[in-house]
Amino acid sequence: MEPTEPGLRHDVTDGIATVVIRNPAKRNALTPAMWSALPPLLDRLAADPAVRALVLTGHGDTFCAGADIGSLSATYERTTGLALPAEEALAAFPKPTLAAVRGYCVGGGCQLAAACDLRFAEEGALFGITPAKLGIVYSAGSTRRLVELIGPASAKYLLFSGELIDTARALRTGLVDEVLPTGGLEKRVAEFTRTLVSRSQLTQAAAKEFAAGPADAERIAYWQEQARISGEAGEGVAAFLERRAPRFRWTPPAP
């Protein structure tokens, strides 16, 4: 029997970890226990060598309607204290992350989606960041992440108004990377994540770190050394010349 209690479900199949936000009675709103459970879950999945990418999605036809305000008693300190560690843990996940969005992606749900590397959405999805409706000061880090993702004008539109936007506007502003027709999200996400798994983890890990901000000389030297000793480029060129799929073998060093 499928569990009915709110919670985070996950599985790992063919290199892809899928984390499902599940609280159908409240459009998958995150309870305090769910917020608290996300960082340690991500830590375990990050340390699992079988995991090469992660998909975050919602149960059924909704991604996540945000924080369960009733259980949080609408307190700013409680909300922020739980949401920020979860957001930062997702942003720091060392492998590619993708939010697969159907339906409502609002408040804390949009905050988590923005912390992923990529966002694919199904037609009909709605996005919004709603602290202005509650008198909550959106955190500096979350605001900066949103600005870097969609630009200051679009970020201010969402933050000032709390209004929801559709997939067309989300795509135009860069909040989502692809919009799929109804019924097409699952197939496209499976197809794209298979592509991610087939690529070099070395390239992905270095690119993710460099994209997060300026790298110092020590980190640049580290990645140059990893490239030198890994043999990834040699394998990639050989596979191209031999017209076969590459067999990339580099994996992140154990922490």
With P246, which of E232, R199, E235 fulfils side-chain contact (heavy atoms from CB on, under 4.5 Å)? E235

Check whether more than 12 heavy atoms from other residues, nucleotides or ligands sit under 6.0 Å from atom [atom1] of [X], and answer yes or no.
{"X": "E242", "atom1": "CD", "result": "yes"}
{"X": "R52", "atom1": "CZ", "result": "yes"}
{"X": "D177", "atom1": "CG", "result": "yes"}
{"X": "D216", "atom1": "CG", "result": "yes"}

Check whether any side-chain N or O of [X] sits under 3.5 Å from a backbone N or O of [Y] as a donor-acceptor pair, and report yes or no.
{"X": "K95", "Y": "A205", "result": "no"}
{"X": "S200", "Y": "T203", "result": "yes"}
{"X": "Q204", "Y": "L196", "result": "yes"}
{"X": "S154", "Y": "G151", "result": "no"}

Mind telling me whether F210 and W223 have parallel, tilted or perpendicular rings, with 30° and 60° as the class edges? perpendicular

Can the positive tip of R119 be found less than 6.0 Å from the middle of the six-membered ring of F127, inside 45° of the ring normal? no

To the closest 0.5 Å, what do you measure between CD (Q111) and CG (L90)? 10.0 Å

CZ/F63 to OG1/T57 distance, rounded to the nearest 0.5 angstrom? 6.5 Å

Is any side-chain heavy atom of [X] closer than 4.5 Å to a side-chain heavy atom of [Y]?
{"X": "T97", "Y": "L56", "answer": "no"}
{"X": "R27", "Y": "C64", "answer": "no"}
{"X": "C110", "Y": "I129", "answer": "yes"}

Please evaluate residues T31 and N23 with respect to the criterion side-chain contact (heavy atoms from CB on, under 4.5 Å), reporting the C-alpha separation (whole Å), side-chain torsions for both, the decisive distance (0.1 Å), and the verdict. CA-CA 8 Å; T31 65; N23 186 3; 3.8 Å; yes

Distance-only donor-acceptor check, side chains [X] and [Y], under 3.5 Å:
{"X": "E123", "Y": "T182", "answer": "no"}
{"X": "T62", "Y": "N28", "answer": "no"}
{"X": "E87", "Y": "S142", "answer": "yes"}

Please assess V176 against L118 for the test side-chain contact (heavy atoms from CB on, under 4.5 Å), listing each intermediate value before the final yes or no. CA-CA 7 Å; V176 300; L118 300 166; over 6 Å; no

From CA spacing to verdict: side-chain contact (heavy atoms from CB on, under 4.5 Å), S230, L202: CA-CA 8 Å; S230 69; L202 174 67; 3.4 Å; yes

Would V55 and I16 count as a side-chain contact (heavy atoms from CB on, under 4.5 Å) if you check the C-alpha gap in whole Å, the side-chain angles of each, and the deciding distance to 0.1 Å? CA-CA 7 Å; V55 174; I16 306 300; 3.9 Å; yes

Could you tell me whether [X] and [Y] have a side-chain N and a carboxylate O separated by less than 4.0 Å?
{"X": "E191", "Y": "R194", "result": "no"}
{"X": "K208", "Y": "D117", "result": "yes"}
{"X": "E88", "Y": "R145", "result": "yes"}

So, for F120 and F192, is the gap between ring centers shorter than 6.0 Å? yes

L45: side-chain contact (heavy atoms from CB on, under 4.5 Å) partners, not counting sequence neighbours: H10, V12, A17, V19, L41, V51, L54, F93

